[in-house]
Amino acid sequence: MAIKKSSKLSQAAALKQILKRCSSLGKKQQHGYDHDPVDVPKGHFAVYVGENRSRYIVPISFLSHPDFQCLLRRAEEEFGFDHEMGLTLPCEEVFFRSLTSMIR
């Protein structure tokens with residue numbers, strides 16, 4: 001049982017880190033580093049997807065979904081979270097739309 005509890009704790013810690021990173025993106029935007037985030041409702045965050053870097057607004061609740069977490073880990077490995085463009089996800093728009101429709 002200790003293994004399962006440890007696994008849940010590490011998953012919770014990872015989610016907290018992701019939330020902090022998403023929150024820091026919003027702070028950068030508010031200070032004029034990026035475009036104004038007035039179109040991002042509370043409880044949501046913006047991501048950029050696909051070759052054209054199309055912008056999508058997704059609910060924070062997506063962060064708890066295992067498939068979305070996997071995508072975030074890939075994003076961190078490929079792009080990192082500290083760059084001007086915002087949170088960029090390494091997938092095609094078709095895949096992203098399919099994933100988000102499945103999560104909702």
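The shown structure was predicted, so the numbers you read here are calculated from the model rather than taken from an experiment.
Not one N or O on the side chain of Ser98 forms a donor-acceptor pair closer than 3.5 Å with the backbone of Val94. Looking at His44, its side chain does come within 3.5 Å of a backbone N or O of Lys42 through a donor-acceptor pair.
Here the CD-CZ distance, from Glu92 to Arg97, works out to 10.0 Å after rounding to the nearest 0.5 Å. The CD atom of Gln69 sits 9.0 Å away from the CG atom of Asp67 when rounded to the nearest 0.5 Å. Note that CG of Leu99 is 7.5 Å distant from SG of Cys91, once rounded to the nearest 0.5 Å.
Qualifying salt bridge (Lys or Arg N to Asp or Glu O under 4.0 Å) partners for Arg53, counting only residues two or more places apart in sequence or in other chains: none. Among residues two or more places apart in sequence or in another chain, the side chain to side chain donor-acceptor pair (under 3.5 Å) test is passed with Ser54 by Glu93.
For the pair Phe95/Val49, no side-chain contact is recorded, criterion being any heavy-atom separation below 4.5 Å from C-beta on. With a 4.5 Å cut-off on side-chain heavy atoms, Val58 and Leu63 do not count as touching.
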Go through it in stages, so that I can follow the logic: the residues are Leu72 and Glu77, the test is side-chain contact (heavy atoms from CB on, under 4.5 Å), and I'd like the CA-CA distance, side-chain angles, deciding distance and then a yes or no. CA-CA 9 Å; Leu72 289 172; Glu77 290 170 5; over 6 Å; no
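When every heavy atom of Phe68 is checked against every heavy atom of Phe62, the shortest pair comes out as CB-O, 3.3 Å. The shortest heavy-atom contact between Arg74 and Pro90 is NH2-O, 2.7 Å.
Of the residues Thr100, Leu71, Thr88, Leu87, the one that meets the side-chain contact (heavy atoms from CB on, under 4.5 Å) test with Val47 is Leu87.
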